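Chain letters run A, B, ... following the sequence lines, proteins first, then strands; residues in each count from 1. Below, all heavy atoms of this structure are taken into account, side chains as well, without hydrogens, waters or symmetry copies. It should be emphasised that the depicted structure is a prediction, and the values quoted were computed from it without experimental measurement.
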Amino acid sequence: MKEYKRYTITTALPYANGPIHIGHLAGVYIPADIYVRYLRKMGRDVLFIGGSDEHGVPITIKARQQNISPQDIVDKYHGIIKKSFEDLGISFDVYSRTSLPIHHETASAFFTKLHNEDKLTQMESEQYYDEDAKQFLADRYITGTCPHCGYEKAYGDQCEKCGTSLSANDLIEPRSALSGNIPVKKATSHWFLPLDQYETWLKEWIIEGHKEWKTNVYGQCKSWLDQGLHPRAVTRDLDWGVNVPLPDSDGKVLYVWFDAPIGYISASRDWAQQTGKSWEEYWKSDDSRLIHFIGKDNIVFHCIIFPSMLKAEGSYILPENVPANEFLNLEGDKISTSRNWAVWLHEYLEDFPGKQDVLRYVLTANAPETKDNDFTWKDFQARNNNELAAIFGNFVNRTMVLTHKYFEGKVPVNTLPAELDDILKEIGLLNEKISHSIEHFRFREALAFFMDIARLGNKYLTEKEPWKVFPNDPEAVKGILNNALQITANLAVLSEIFLPETARKLKAMLNMGNTDWSNAGKSILVENHPLNQPQILFEKVEDTDVQKQVEKLEQSKKDNLASAASFEPLKPDVAFDDFAKVDLRVGKILEAEKVAKTKKLMKLSVDLGFEVRTIVSGVSEYFTPEQLIGKKVVVVANLGKRDIKGIESNGMILYAENADGTLLLVSPVDEAMSGGLVK
RNA sequence: GGCGGGGUAGCUCAGGUGGUUAGAGCGACGGAUUCAUAACCCGUAGGUCACGAGUUCAACUCUCGUCCCCGCUACCA
């Protein structure tokens with residue numbers, strides 16, 4: 001295996017439009033922090049990078065909603081995020097942000113170099129433009145009727161009602177979110193990264209060269225590469241972001257996906273500036289190992305797009321591994337910022353003061369390394385009470401209490417060196433396993449091996465029964481407790497990787513200084529070394545504590561239901577003449593069949609009395625053909641024809657929608673004539 | 001529909017290139033113990049390894065098909 005002189009570790013830049021939640025932690029920051037702490041303990045040279053991603057459309061929208069500037073938004077969340085990371089003890093060397101001048105410079109320079117070397121292509125396209133606001137509209141800034149579910153306030157990129165992803169061109173009756181005007185189409189010019197040109201190289205680099213990547217990561221990359229890559233726009237029309245450093249490009253900024261990963265480099269420069277050190281060797285030297293910690297939603301950016309950017313630029317190293325995790329669910333439901341279905345880090349730290357390590361432990365033990373996982377408060381409580389407190393905390397406590405009881409809190413002489421050898425051998429073995437697991441990004445497994453050391457300690461004490469031996473053979477008890485203390489000291493050393501706050505407390509109790517990994521598996525405390533008073537490492541988490549958290553979540557659920565049950569606002573009035581233009585007819589469904597190779601489409605034959613029409617409708621998720629055949633429905637008959645998946649569809653069928661988005665037939669109650677007007 | 005990932009004890013997960021009684025932690029149950037945060041320690045029970053075929057002397061592990069969950073993607077007038 002290649003020898004690396006230094007490590008460049010990046011963590012996905014959290015988007016600064018909301019705080020950090022447990023999903024972020026379990027997927028990215030805690031595993032990265034464990035990895036980095038491990039590397040440092042091994043004496044390796046590490047640069048650990050984090051920062052806020054502060055550009056992009058959602059932030060500008062949030063700012064508009066609150067009538068403040070985008071900078072105000074990112075200042076607020078960057079502050080919350082940065083502080084909560086510090087409080088949890090994520091050991092970033094630098095936590096930077098993309099609104100800093102140094103980032104704008106870095107991203108501009110990156111773009112300029114690609115541009116000057118003809119690595120980008122320019123293309124024109126038609127985009128919606130707001131003539132009042134005099135600017136092009138991002139998809140997010142266009143609202144209109146969702147063509148799928150009819151929701152009137154769908155965004156240009158996604159309908160929040162039915163969850164379908166859209167393009168602004170799909171929207172019916174598009175409106176500018178800025179002025180409410182009807183936007184016009186206007187030509188605009190943008191720069192693209194021709195990803196297709198990197199396809200061959202990427203295949204070789206990943207498919208051939210990185211078979212060791214996690215299966216979920218490797219498979220996802222293969223899927224993308226097999227589907228074929230297309231040029232991707234690097235710039236867009238927006239006024240919030242890194243300005244495109246070219247003449248005549250007012251109102252254009254770098255697309256956020258392009259500037260965000262460059263943020264890793266900017267953060268490194270930021271760090272170098274603050275510390276007076278050099279950043280370039282971490283990014284441009286072949287003996288540096290670049291690793292991106294991310295969630296699975298980011299795989300394509302870090303495995304396909306960013307490497308292509310780096311390759312195009314030419315002077316940077318490429319990621320050596322991208323250990324992406326899957327997602328963490330919460331009490332059975334997907335974590336959602338907008339639905340407030342989350343455990344927010346800054347709130348957790350307030351609700352559970354001093355329990356940073358409990359969260360670290362639970363999220364590591366239950367990390368979604370190979371598949372999506374579920375966080376429950378019940379599990380949180382069980383892990384704390386049955387594992388941290390009962391096994392780890394309890395072993396430390398019984399060792400300390402016994403030592404104070406029998407030997408005035410001083411490390412007794414080791415009268416049983418042979419037993420110590422056996423113990424240290426076992427710990428040494430576990431150390432190796434921990435190392436091996438961490439090197440392979442298997443943090444759950446590593447943590448389990450770590451806990452085995454505490455188990456080993458409990459077992460030793462129980463078997464040796466020093467409290468029974470003491471009256472007859474105090475000399476033997478000296479050896480037993482010395483051994484138990486050496487185990488405790490080893491726990492103190494190793495816990496720095498997983499549970500830094502606990503390590504601090506433990507070392508204070510043991511009155512020991514800093515140690516590195518080379519001490520692990522050795523006898524650490526010397527004879528007569530004075531110990532401090534024991535303190536409880538892990539308090540029990542009571543039923544009422546978790547009860548409160550569950551109630552908090554239930555309240556979120558109620559709030560969501562309440563808002564979901566609210567009625568859509570009325571549309572603006574229309575003239576009767578406009579309404580009369582719509583030709584609604586009664587139709588009878590004669591035939592219905594699912595359109596092959598689609599998820600939603602149903603092909604219908606509808607009898608309008610005077611003719612039988614083919615209509616394609618996106619309702620396979622709600623009806624089976626049998627439920628539709630023979631039913632009378634209301635048809636919009638004068639919409640014109642449209643080609644859908646190669647079928648000519650002539651008309652549209654109306655449905656009623658329930659609060660949960662399900663569709664119901666709209667049908668005449670009494671026997672109605674096919675082809676009759678609905679008016 | 002296509003592609004990728006996953007479906008193993010109540011829960012969370014291990015199970016290189018197929019090979020004797022499928023493992024661990026937690027939970028449950030029983031025992032032992034009292035130094036300790038009623039904790040620790042020992043033991044027991046729990047699995048048709050999603051389902052159905054096939055290849056093989058032998059499949060959780062390979063092949064094919066089906067179902068379910070997650071993600072990406074096409075489609076919704």
Which residues satisfy the side-chain hydrogen bond (donor to acceptor under 3.5 Å, both in side chains) test with [X], sequence neighbours excluded?
{"X": "A/Trp224", "answer": "A/Gln220"}
{"X": "A/Lys296", "answer": "A/Glu326, A/Asp372"}
{"X": "A/Lys211", "answer": "none"}
{"X": "A/Thr364", "answer": "none"}

[atom1] spacing across the pair [N] / [M], given as an integer number of angstrom:
{"N": "B/rU61", "M": "B/rA50", "atom1": "C1'", "result": "16 Å"}
{"N": "B/rG15", "M": "B/rA53", "atom1": "P", "result": "28 Å"}
{"N": "B/rU63", "M": "B/rA45", "atom1": "C1'", "result": "37 Å"}
{"N": "B/rC26", "M": "B/rC40", "atom1": "C1'", "result": "15 Å"}
{"N": "B/rU8", "M": "B/rA14", "atom1": "P", "result": "10 Å"}
{"N": "B/rG1", "M": "B/rC60", "atom1": "P", "result": "29 Å"}
{"N": "B/rA22", "M": "B/rA9", "atom1": "C1'", "result": "10 Å"}

With salt bridge (charged side-chain N to carboxylate O under 4.0 Å, His left out) as the rule and sequence neighbours excluded, what pairs involving [range] come up?
{"range": "residues 450-467 of chain A", "value": "A/Glu419-A/Lys464, A/Asp452-A/Arg455, A/Glu465-A/Lys468"}
{"range": "residues 376-396 of chain A", "value": "A/Asp379-A/Arg383, A/Arg383-A/Glu387"}
{"range": "residues 217-229 of chain A", "value": "A/Lys222-A/Asp226"}

Donor-acceptor side-chain pairing of A/Thr502 and A/Tyr361 below 3.5 angstrom:
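No.
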RNA chain B: A/Asp379 or A/Lys296, which has the more 5' nearest nucleotide?
A/Asp379
What's the base orientation of B/rG25: syn (chi within 90° of 0) or anti?
anti
Letter by letter from the 5' end, nucleotides 32-37 of chain B scores (B base, S sugar-phosphate only, - none; protein heavy atoms under 4.0 Å) --SBBB
Could you give the [atom1]-to-[atom2] distance, from [X] to [N], as a whole number of Å?
{"X": "A/Gln220", "N": "B/rC70", "atom1": "CD", "atom2": "C1'", "value": "11 Å"}
{"X": "A/Leu447", "N": "B/rA24", "atom1": "CG", "atom2": "P", "value": "19 Å"}
{"X": "A/Asn325", "N": "B/rG4", "atom1": "CG", "atom2": "C1'", "value": "17 Å"}
{"X": "A/Asn329", "N": "B/rC11", "atom1": "CG", "atom2": "P", "value": "16 Å"}
{"X": "A/Phe449", "N": "B/rG25", "atom1": "CZ", "atom2": "P", "value": "12 Å"}
{"X": "A/Asn366", "N": "B/rC13", "atom1": "CG", "atom2": "C1'", "value": "9 Å"}
{"X": "A/Leu328", "N": "B/rC70", "atom1": "CG", "atom2": "P", "value": "15 Å"}

Ignoring the backbone of A/Thr215, work out which of B/rG5, B/rU12, B/rA14 is nearest its side chain.
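Minimum distance to the A/Thr215 side chain belongs to B/rG5.
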Under a 3.5 Å distance rule, please check whether A/His24 uses its side chain to pair with a backbone N or O of A/His21 as donor and acceptor.
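Side chain of A/His24 to backbone of A/His21, a donor-acceptor pair under 3.5 Å: yes, one is there.
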Would you say the side-chain atoms of A/Asp473 pair up with the backbone N or O of A/Ala476, donor to acceptor, closer than 3.5 Å?
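Yes; at least one donor-acceptor contact below 3.5 Å.
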RNA chain B base-pair string [pairs: Watson-Crick or G-U under 3.5 Å; |: paired with another strand]:
(((((((..((((.....[...)))).((((.........)))).....(((((..]....))))))))))))....
How would you list, by chain and number, every residue that makes a side-chain contact (heavy atoms from CB on, under 4.5 Å) with A/Ser605, sequence neighbours excluded?
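Per chain and number, A/Ser605 pairs via side-chain contact (heavy atoms from CB on, under 4.5 Å) with A/Leu590, A/Glu591, A/Val612.
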I'd like to check the side-chain contact (heavy atoms from CB on, under 4.5 Å) partners of A/Thr415; sequence neighbours left out, ordered by chain and number.
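For A/Thr415 the side-chain contact (heavy atoms from CB on, under 4.5 Å) partners, ignoring immediate neighbours, are A/Val413, A/Glu475, A/Lys478.
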Grab the N/O contacts between the protein and nucleotides 26-29 of chain B below 3.5 Å, and write none if there aren't any.
none

